Amino acid sequence: MSDKKPLIQPRTLKGFRDFPPALAMPREQMIDKVRTVFRSYGFAPIDTPALEYAEILTGKGGDESDKQMYRFTDNGGRDVALRFDLTVPFARFAAQHIGQLGTPFKRYHVGPVWRGENTQHGRYREFYQCDFDTIGTNANAADIEIALIIHDILAALGFERFSIHVNHRLVLNGLLASLGLAEGAPAILRALDKLAKIGAEKVAAEMQATAAVAPEQARQILETVQIKGSNSEILEELEKKIGQHERAATGIANLRQLLAAFAAAGIPENRLALDVSIARGLDYYTGTVYETLLDDLPGIGSICSGGRYDDLASLYSKQHLPGVGASLGLDRLMAAMDELGLLQDSTAPADVFVVQFTEESLAHYIAVSRRLRDAGLRVELFPEAKGMGKQLKYADRKGIPLTLIGGPDEMAKGVWQVKDLRDGVSEEVGDGDLVEYLQGKL
RNA sequence: GUGGGUGUAGCUCAGUUGGUUAGAGCGCCUGGUUGUGGUCCAGGGGGUCGCGGGUUCAAGUCCCGUCAUCCACCCCA
C-alpha cells in the first residue's frame, strides 16, 4: 500500500453537521410526528429546489438575509442562491402553480435551508425548517388552525410547558393610528419587537430616535402594549383603550375568536398567551402574529413563529394571495428537546435481533426474519455466524430489546429461545406462537 | 460582521516556573468463557498535543496567524 499519498482531512464546514444514527433517528422521529399533525389538518406536502435564481430570493427579507445568502454563479453562468427560508420559495411556487392548485391551498414543507451567519447553540448554517401555510383565504378560521397546529405539534413532541404568544397587527396599527402615528409604524414595530430583550426604556428611546415618536406617545404605546392580566382581561383593557377604532376592533374580535377556539378545543389556557408586545420585525405581517416560547428554555428564543400576510406572491404574480402560516425550527427544537431530556427515547434500530448461529442455517433465519417483518416487527439478522457472545453484545449495545436464538437444539425441538436483553431472562417459544409472544414483549 | 473563552486518545479531562519515551477514567479490541450480552479478572491497541509559522539548546506549555467550537452582540428558527 502506498502511504505516500497525502490523506485528505475529513471535516465539515462551519455550521454544517453530520447526523450519525443517534442524531438522525430522533430527527426522523420528530419529522414523523410533525408530519402526522400536518396531515391530520388536511395539509399536503410540497417540495421545492434548494437552489433558485438569485433574483427570486434576494431582497425579500431585507439586507440582513441577502448578506447571509449562499450565492454563486453556476456552471451555466446563472446567478443562483441557496434558499434561506421556505417562505420565499413557497411564494414563487404559489405564483407559478396556483392555477392548478386552487384555493384555499394548505401546504407543509419540511427541508433544509441555508444561512451564512455566525453559529451558536441551536443555530447552524444548514438547518431544517417545517413551514405550514394556508393561502387564498382571509378567514380567521385559518389563523386559528395555524395556532392549533403549533399547539398540537409541541404536544405531540412531548412538550408540556410552552406558550404560544399571539398578537394582532391590526391591534397595533389601531393603537398607532389612534396616536396619529400610522406613518412610522414599521420602525415603531421594529423597536417594539425588542421589548423583551432590551426593556421599555431603550425601546422608547429607539422609537423617539427612529420614528419621531414623542415621549408621551412612547409612554402610551408602551403602557398599552404591556397590559398585564389574563388573556380575557387583556382583551377587555384593549377594548376600552382602542376598541373604538375600526381596525383595532377587528383585531380584537379575531383574537377573541382565537381564545374561544382554544377553549372549545379544551387546551389549557396558559398555553396561549395574548401578548400585545409581540410585533415580529418583518414588515409583511398584517394580521395575527405568533411566537412560541418554551417556558423552561426562554433563552433559546422562538421555536415556531409566523403570522398572517396580505399578499404572499405579489412579487411574482398579479394574483392576490393572502395567507397565514408559521415555520418551525427543527434543529433549535431538537437542541431544546435534548436539553430537556425529551430525546431519550429508545434509538434502537430494531425490536428483535436474530442470532446467526451457523451459516448453514442462514435460510432458516432469513425465513423467520421475514415472517416477523411481515407482522410489523423491526428485525435485524446478524450478517456473520460469529460467536454468540459477540452477537449478543452487539445487540445489547444497540439497545435491541429482544434476541432470537435458534441453534441445533431449538431447531430439533421446533422452538426458539427468546432472550430479553433488558432482564436477561430466556424463554422457549414454539415456532407457531413466536409472533404473538414477541409482540407481547414489546 | 464585532468582542471574548476553549481546542491534549473515540468521550470527559489531568499535564508544575518551557526540560528526556504525554497520563487517568470511561469506551473499544483480545482472552478467561468456541450455546449466551450487560458484572468480574488479565492483557492489548489507540495521540502529527486542531493546523501552519515563529522564539528557544529545548514548545502540549510562550508569541503570531489560521480553522473549528462555545458565549455575548446583531439577527433570527
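Chain identifiers are assigned alphabetically (A, B, ...) following the order of the sequence lines, protein sequences preceding nucleic acid strands; residue numbering begins at 1 within each chain. All figures in this text were calculated on a predicted structure; none of them were measured in a lab.
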Roughly, in whole Å, what's the span from [atom1] in [X] to [atom2] in [N]?
{"X": "A:F162", "N": "B:A77", "atom1": "CZ", "atom2": "P", "value": "19 Å"}
{"X": "A:W114", "N": "B:C76", "atom1": "CH2", "atom2": "C1'", "value": "18 Å"}
{"X": "A:K398", "N": "B:G27", "atom1": "NZ", "atom2": "P", "value": "19 Å"}
{"X": "A:L154", "N": "B:A77", "atom1": "CG", "atom2": "P", "value": "15 Å"}
{"X": "A:K386", "N": "B:U30", "atom1": "NZ", "atom2": "C1'", "value": "12 Å"}
{"X": "A:F84", "N": "B:C75", "atom1": "CZ", "atom2": "P", "value": "16 Å"}
{"X": "A:D85", "N": "B:A77", "atom1": "CG", "atom2": "P", "value": "8 Å"}
{"X": "A:M337", "N": "B:A77", "atom1": "CE", "atom2": "C1'", "value": "16 Å"}

Side-chain ion pair, [X] and [Y], N-O less than 4.0 Å:
{"X": "A:E126", "Y": "A:R115", "value": "no"}
{"X": "A:R371", "Y": "A:D374", "value": "no"}
{"X": "A:D79", "Y": "A:R71", "value": "yes"}
{"X": "A:R123", "Y": "A:E117", "value": "yes"}
{"X": "A:K106", "Y": "A:E145", "value": "yes"}

Does any nucleotide pair with [N] by Watson-Crick or G-U wobble geometry, both distances under 3.5 Å, and what is it?
{"N": "B:C57", "result": "B:G19"}
{"N": "B:A24", "result": "B:U12"}
{"N": "B:U6", "result": "B:A68"}
{"N": "B:U34", "result": "none"}
{"N": "B:C29", "result": "B:G43"}
{"N": "B:G1", "result": "B:C73"}

Inter-nucleotide [atom1] distance ([N], [M]), Å rounded:
{"N": "B:G10", "M": "B:C28", "atom1": "P", "result": "15 Å"}
{"N": "B:C62", "M": "B:G15", "atom1": "P", "result": "12 Å"}
{"N": "B:U69", "M": "B:U8", "atom1": "C1'", "result": "16 Å"}
{"N": "B:U17", "M": "B:G53", "atom1": "C1'", "result": "26 Å"}
{"N": "B:C51", "M": "B:G43", "atom1": "C1'", "result": "36 Å"}
{"N": "B:U12", "M": "B:G54", "atom1": "P", "result": "32 Å"}
{"N": "B:U34", "M": "B:G45", "atom1": "P", "result": "23 Å"}
{"N": "B:A24", "M": "B:G18", "atom1": "C1'", "result": "23 Å"}

So for [X] and [N], does any side-chain atom that can act as donor or acceptor lie under 3.5 Å from a complementary atom in the base?
{"X": "A:Q68", "N": "B:G1", "result": "no"}
{"X": "A:R115", "N": "B:C75", "result": "no"}
{"X": "A:E117", "N": "B:A77", "result": "yes"}

Review point. Would you call the rings of A:F132 and A:F38 parallel, tilted or perpendicular if under 30° counts as parallel and over 60° as perpendicular?
Key: tilted
Practice item. May I ask you to decide if the ring planes of A:Y70 and A:F16 are parallel, tilted or perpendicular, using 30° and 60° as cut-offs? Key: perpendicular
List every contact pair, protein side and nucleotides 37-44 of chain B side both N or O, where the distance is under 3.5 Å.
{"residue": "B:G37", "atom": "N7", "partner": "A:K419", "partner atom": "NZ", "Å": "3.2"}
{"residue": "B:G37", "atom": "O6", "partner": "A:G424", "partner atom": "N", "Å": "3.4"}
{"residue": "B:G37", "atom": "N1", "partner": "A:L421", "partner atom": "O", "Å": "2.8"}
{"residue": "B:G37", "atom": "N2", "partner": "A:D396", "partner atom": "OD1", "Å": "2.7"}
{"residue": "B:G37", "atom": "N2", "partner": "A:L421", "partner atom": "O", "Å": "2.3"}
{"residue": "B:G38", "atom": "O4'", "partner": "A:D396", "partner atom": "OD2", "Å": "3.3"}

Point to revise | Where protein sits on nucleotides 67-72 of chain B, one letter per nucleotide: B base, S sugar-phosphate only, - none, heavy atoms under 4.0 Å | key: -SSSSB
For a quick check of understanding: with a heavy-atom distance under 4.0 Å over all strands, which category does [X] fall into, base, sugar-phosphate or nothing?
{"X": "A:I405", "result": "base"}
{"X": "A:E410", "result": "base"}
{"X": "A:Y128", "result": "nothing"}

Check your understanding: Toward the 5' end of RNA chain B, which comes first, A:S426 or A:S327, by nearest nucleotide?
Key -> A:S426
Practice item. Work out which heavy atom in A:L293 is nearest to a heavy atom in A:H165; give both atom names and the distance. Key: CD1-NE2, 3.8 Å
Around [X], counting heavy atoms of other residues, nucleotides and ligands shown, do more than 12 lie under 6.0 Å from its [atom1]?
{"X": "A:D423", "atom1": "CG", "value": "yes"}
{"X": "A:Q439", "atom1": "CD", "value": "yes"}
{"X": "A:R370", "atom1": "CZ", "value": "no"}

Check your understanding: Centroid-to-centroid, A:H151 to A:F162, below 6.0 Å?
Key -> yes
Review point. Think A:S302 has a side-chain N or O under 4.0 angstrom from the OP1 or OP2 of B:A77?
Key: no
